[in-house]
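Here the structure is laid out as structure tokens; the discussion comes afterwards.
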Amino acid sequence: MHSGLKLAAVLSALLLAGCSSDATATDAGEQFLDDFQAAEDAGWDVEMLQSLADGLPKSATVTGIADDDGDGVDDDGQVSVTEDGDWACVILPGEARDGNVSSGACS
């Protein structure tokens, strides 16, 4: 499937799924990682990452999407997710590493 179609399917699923009021930043981080893996063909494309962040529940905030060298690709493949004062660090898969979500902000 074309990566644009994958992204559209992922965002549609996000909009329909919603999130319960007792969700944590780790839950939102895991959702972000799962959605990223569903659209993995795009790699660490900053536009795709921002679209995934925008698709999370409004109570979740994603920071750390950075493209300092202007190549359109996230610089380090890490994002922090906050929700209701709770933090989670999402390590995106790629560059010979597995993806994961851990409690706490990315360092």
Inset, instruction - Taking all non-hydrogen atoms of both residues into account, name the closest pair between E83 and A60 and its distance. - result: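 Heavy atoms of E83 and A60 come nearest at OE1-CB, 3.9 Å.
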Inset, instruction - Check V81 against V62 and note the closest heavy-atom contact, atom names and distance. - result: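 Residues V81 and V62, closest heavy atoms: CG2-CG2, 4.0 Å.
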Inset, instruction - Answer with yes or no whether the hydrophobic clustering places V73 together with I65; edges join I, L, V, M, F, W, Y residues whose side-chain heavy atoms lie under 4.5 Å apart. - result: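 V73 and I65: one cluster.
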Atom [atom1] in [X], atom [atom2] in [Y]: separation rounded to 0.5 Å?
X	Y	atom1	atom2	result
D74	E47	CG	CD	13.0 Å
D45	Q50	CG	CD	11.0 Å
D54	L49	CG	CG	11.0 Å
T61	L56	OG1	CG	9.5 Å

With [X], which residues qualify under side chain to side chain contact (heavy atoms under 4.5 Å, CB included), at least two apart?
X	answer
S102	C89
D67	V46, D69, D71, D75
S80	T63, W87, A105, C106

Inset, instruction - Report yes or no: do Q31 and D27 form a side-chain donor-acceptor pair below 3.5 Å? - result: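 There is no such pair (donor and acceptor under 3.5 Å, judged by atom type) between the side chains of Q31 and D27.
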Inset, instruction - Spell out, as yes or no, whether a donor-acceptor pair under 3.5 Å connects the side chain of D86 to the backbone of A25. - result: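 Such a contact is found between D86 side chain and A25 backbone.
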In a table with atom names and distances, give each donor-acceptor pair under 3.5 Å that connects a side chain of residues 92-99 to protein atoms at least two apart or in another chain.
{"residue": "R97", "atom": "NE", "partner": "L92", "partner atom": "O", "Å": "3.1"}
{"residue": "R97", "atom": "NH2", "partner": "D76", "partner atom": "O", "Å": "2.8"}
{"residue": "R97", "atom": "NH2", "partner": "G77", "partner atom": "O", "Å": "3.0"}

